[in-house]
Amino acid sequence: MTIEGKGKVLIDDDIVDNLPEKRSKNRRVDIVINLRELPKLVLPGYYNMLQKNHVVGDHIILDNILFEKGSSRLTSKAKQELDKVALLTLRYSNLQFEIQGHVCCTPPNQKEAIDKDTRKRKLSENRAMAVYKYLVFRRVPKNRMTFKGYGNTKPLGKDPQYDRRVELVITKI
């Protein structure tokens with residue numbers, strides 16, 4: 001089941017004179033409720049867990065790495081999933097990877113979303129960094145991984161739910 005609020009943003013920039021008044025005129029939100037589970041995403045070169053036989057360029061989409069809306073804080077469920085990922089990265093010690101953060105549903109003139117904790121337009125980067133820091137905490141060597149936020153620049157072309165993701169991309173074997 002997915003529940004998603006969609007609103008039109010009529011404000012071109014976050015920094016305008018009298019922002020509360022401008023926002024008070026922008027109160028329309030459409031709520032879309034989908035009671036069906038999203039189908040599993042099947043794309044060539046995309047996987048849902050680390051394996052022994054990856055090649056450079058493979059993407060591992062971490063399905064259960066979820067965040068609160070507009071936040072880069074890891075949930076307890078996400079930490080449990082990252083514990084599994086950490087064990088696999090330690091097992092397959094030859095893999096190096098980039099942690100990529102992605103967001104969806106930002107206004108057309110913005111490629112990135114705002115992190116409500118930092119109030120900066122770096123949500124995808126902050127989410128990738130949160131995963132990076134957690135894997136470092138779980139003793140994955142720093143020299144085997146990097147992180148980068150891509151905002152909404154690399155959509156999968158499917159449902160927007162798929163574009164709210166953190167994935168690993170194999171960079172070296």
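A quick note: this is a predicted structure, and the numbers were derived from the prediction, not measured. Positions are given from 1, in the same order as the sequence printed here. Heavy atoms only: backbone and side chains are in, while hydrogens, waters and symmetry mates are out.
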Asks: Does Val140 belong to the same Ile/Leu/Val/Met/Phe/Trp/Tyr cluster as Leu88, with side-chain heavy atoms less than 4.5 Å apart forming each link?
Replies: yes
Asks: Using side chain to side chain donor-acceptor pair (under 3.5 Å) as the criterion, list what pairs up with Tyr132, not counting sequence neighbours.
Replies: none
Asks: Can you name the side chain to side chain donor-acceptor pair (under 3.5 Å) partners of Ser72, sequence neighbours left out?
Replies: Asp115
Asks: Hey, could you give me the OG1/CD distance between Thr153 and Gln100, rounded to the nearest 0.5 Å?
Replies: 9.0 Å
Asks: Which value, rounded to the nearest 0.5 Å, describes the distance between Ile99 atom CD1 and Leu82 atom CG?
Replies: 8.5 Å
Asks: Does the side-chain contact (heavy atoms from CB on, under 4.5 Å) test come out yes or no for Leu135 and Met145, once each step is laid out?
Replies: CA-CA 9 Å; Leu135 291 175; Met145 54 186 175; 3.8 Å; yes
Asks: Are Leu123 and Ile61 linked, directly or through intermediate hydrophobic residues, by side-chain heavy-atom contacts shorter than 4.5 Å (ILVMFWY only)?
Replies: no
Asks: Starting from the C-alpha separation in whole Å, work towards a yes-or-no answer on side-chain contact (heavy atoms from CB on, under 4.5 Å) for Glu125 and Lys148.
Replies: CA-CA 5 Å; Glu125 183 177 340; Lys148 185 172 181 181; over 6 Å; no
Asks: Using the rule that Ile, Leu, Val, Met, Phe, Trp and Tyr join whenever any side-chain heavy atoms are under 4.5 Å apart, tell me whether Leu87 and Ile65 fall into a single cluster.
Replies: no
Asks: From Phe97 CZ over to Ile170 CD1, what is the distance, rounded to the nearest 0.5 angstrom?
Replies: 7.5 Å
Asks: According to the salt bridge (Lys or Arg N to Asp or Glu O under 4.0 Å) rule, which pairs have a member within residues 126-141, sequence neighbours left out?
Replies: Asp83-Arg138
Asks: Any chance you could measure Gln96, atom CD, to Thr171, atom OG1, to the nearest 0.5 Å?
Replies: 5.5 Å
Asks: List in chain and number order the residues that pass salt bridge (Lys or Arg N to Asp or Glu O under 4.0 Å) with Arg144, two or more places apart in sequence or in another chain; answer none if no residue qualifies.
Replies: none
Asks: Can you list everything that forms a ring pair (Phe, Tyr, Trp, His ring centres under 6.0 Å) with Phe137? Sequence neighbours excluded, please.
Replies: Tyr134
Asks: Taking Val103's backbone N and O only, do any of them form a donor-acceptor pair with Ser124's side chain (distance below 3.5 Å, no angle check)?
Replies: no
Asks: Mind listing the side-chain donor-acceptor pairs of residues 74-81 below 3.5 Å, one per line with the distance, residues two or more places apart or on another chain?
Replies:
unit_1: Thr75; atom_1: OG1; unit_2: Leu66; atom_2: O; d: 3.4
unit_1: Thr75; atom_1: OG1; unit_2: Ala78; atom_2: N; d: 3.1
unit_1: Glu81; atom_1: OE1; unit_2: Asn64; atom_2: ND2; d: 3.4

Asks: Which atom pair, heavy atoms only, marks the closest approach of Gly57 to His59?
Replies: O-CD2, 3.1 Å
Asks: Check whether any side-chain heavy atom of Ile173 sits under 4.5 Å from a side-chain heavy atom of Leu95, and report yes or no.
Replies: yes
Asks: Quick one: does Thr89's side chain have a donor or acceptor within less than 3.5 Å of a partner on Ala86's backbone?
Replies: yes
Asks: Can Ile60 and Val169 be said to form a side-chain contact (heavy atoms from CB on, under 4.5 Å), step by step?
Replies: CA-CA 6 Å; Ile60 296 89; Val169 177; over 6 Å; no
